[in-house]
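The structure under discussion appears below in the form of structure tokens.
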Number of protein chains: 2
Amino acid sequence: MASRSGASAAPIDTADPAYVDPESRLSVLLARRGSSTDARIREALTTSGVTPRHAIVLMRLGGGQVSQRDLGVRLGVDPSVLVTLLNSLEDRELIRRRRDPADRRRHIVEITDAGARAAARLDAAFGRVEDELFADLTAQERETLGSLLARVRTAQADPCAVAPDAGP
Amino acid sequence: MASRSGASAAPIDTADPAYVDPESRLSVLLARRGSSTDARIREALTTSGVTPRHAIVLMRLGGGQVSQRDLGVRLGVDPSVLVTLLNSLEDRELIRRRRDPADRRRHIVEITDAGARAAARLDAAFGRVEDELFADLTAQERETLGSLLARVRTAQADPCAVAPDAGP
DNA sequence: TATTGTTATACTCTATAACTATA
DNA sequence: TATAGTTATAGAGTATAACAATA
């Protein structure tokens, strides 16, 4: 099987001075764990038939009604994407959309009772996923992780460009 | 912070007992920061014409030659995806592929001199991105973040570990 | 028959622009 | 003219299965 698969191709020599372990880069590690976490959440939500984004929209709406545009800005979701998200949520009667009387271009989005119940269930599902993902971390460590992550500069502004690779 | 645009739609009431802040969930925060980090890396690499995965493959290969299959397992990349990654790297002469004489089904993948130089430049680019992303964290805090992330349980937690017996 | 690498296909996300109805 | 929402389309990314050549 796979145990003796690298018979003639030498294993990666981590002692080689030319070797740079990609996983030792904090950015790579963070991107990877983030991706895995998203995948795990997505998997846990499959039975509920919603994606992580649907869940986040529902949880956000638990605080009250918002204009569709504001919601998109808050979540960093493109308006055209938000439309399809809200469509499926509205089809399931988890949210409701109505025109803003004060400005008929706007949609006021609000959660339904069924939606609020779904949000609570989904939140619990997130909790179970976290219990699994962070099982090896103490409550204190989880808190530390959270506060450190919160301090990562997420805003994308300044480009640090790299020289093209070609030129020999 | 919403009152200027949401005239009649009330802003989200974070004090509402029904409100659950999605970002307060550690899993959501981790997934988000991971995604942003990946996007930032991808942006920084655009001028070099490679994606983060190309870069990671190159850095991995800095340690020596590997079979294509082993490389895919280590990186958690599907074989069919790895093919296209390696094709573009080979077109730029950053890596080389040759048949394994001991098992002609296998490809031995190795980095070229130009590839090694590119890997070093790419690694430096990762460093600059990290200096930007983690500017508000001390060296000690970055280390803490890394060790905590390393302890998050994910399916792909340790790609270097040998699978006991990869069943169906 | 199983494995390695490759190709082909389909499906999901995302990004963009054009369109409507209002203002 | 500008804005909120919608629709349509194309592109990247990924996942899956079928395939050829080796073992």
Quick one: which protein N/O atoms are closer than 3.5 Å to N/O atoms of nucleotides 16-22 of chain C? Pair and distance per line, please.
| unit_1 | atom_1 | unit_2 | atom_2 | d |
| --- | --- | --- | --- | --- |
| C:dT16 | O4 | A:Ser80 | OG | 2.8 |

Polar-atom pairs under 3.5 Å, protein N or O versus N or O of nucleotides 9-11 of chain C: list them with distances, or write none.
none

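One N or O on the side chain of B:Thr84 and one on the backbone of B:Val81 form a donor-acceptor pair closer than 3.5 Å. Under the 3.5 Å distance criterion, the side-chain polar atoms of A:Thr46 are matched with a main-chain donor or acceptor of A:Glu43.
Between the P atom of C:dT12 and the CG atom of A:Asp38 lies a distance of 16 Å, rounded to the nearest Å. The distance between atom CG of B:Leu45 and atom C1' of D:dA12, rounded to the nearest whole Å, is 16 Å. One interatomic measurement links the two molecules: CZ of A:Arg42 to P of C:dT12, which rounds to 11 Å at whole-angstrom precision. When rounded to the nearest whole Å, the span between CG of B:Asp100 and C1' of C:dG5 equals 13 Å. The CZ atom of A:Arg98 sits 18 Å away from the P atom of D:dA4 (whole-angstrom rounding). Separating the CG atom of B:Leu85 from the P atom of C:dT6 is a distance of 12 Å, rounded to the nearest angstrom. When rounded to the nearest whole Å, the span between CD of B:Gln68 and P of C:dT7 equals 11 Å. Rounded to a whole Å, the CG atom of B:Asn87 is 15 Å from the C1' atom of C:dT4.
The environment of CZ in A:Arg104 is sparse: at most 12 heavy-atom neighbours from other residues, nucleotides or ligands sit within 6.0 Å. At most 12 non-hydrogen atoms from other residues, nucleotides or ligands lie less than 6.0 angstrom from CG of B:Asp113.
One finds a salt bridge joining B:Asp131 and B:Arg142 here, because a Lys/Arg side-chain nitrogen approaches an Asp/Glu carboxylate oxygen to under 4.0 Å.
For A:Asp136, the salt bridge (charged side-chain N to carboxylate O under 4.0 Å, His left out) partners are B:Arg153, not counting sequence neighbours. Partners of A:Glu93 according to the salt bridge (charged side-chain N to carboxylate O under 4.0 Å, His left out) rule, which considers only residues two or more places apart in sequence or in another chain, do not exist here. B:Arg99 pairs by the salt bridge (charged side-chain N to carboxylate O under 4.0 Å, His left out) definition with nothing, not counting sequence neighbours.
Following chains of ILVMFWY side-chain contacts shorter than 4.5 Å, one cannot reach A:Val73 starting from A:Ile95, and the two form parts of different hydrophobic clusters.
OP1 or OP2 of D:dT6 lies within a sub-4.0 Å distance of a side-chain N or O belonging to A:Arg97.
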message = Walk me through whether B:Val129 and B:Leu45 qualify under side chain to side chain contact (heavy atoms under 4.5 Å, CB included).
response = CA-CA 10 Å; B:Val129 169; B:Leu45 297 185; over 6 Å; no

key: Evaluation steps, side chain to side chain contact (heavy atoms under 4.5 Å, CB included), between B:Ser48 and B:Arg121   = CA-CA 10 Å; B:Ser48 69; B:Arg121 277 198 303 275; over 6 Å; no

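Of the residues in residues 46-57 of chain A, those with a non-hydrogen atom less than 4.0 angstrom from any atom of DNA chain C are A:Arg53.
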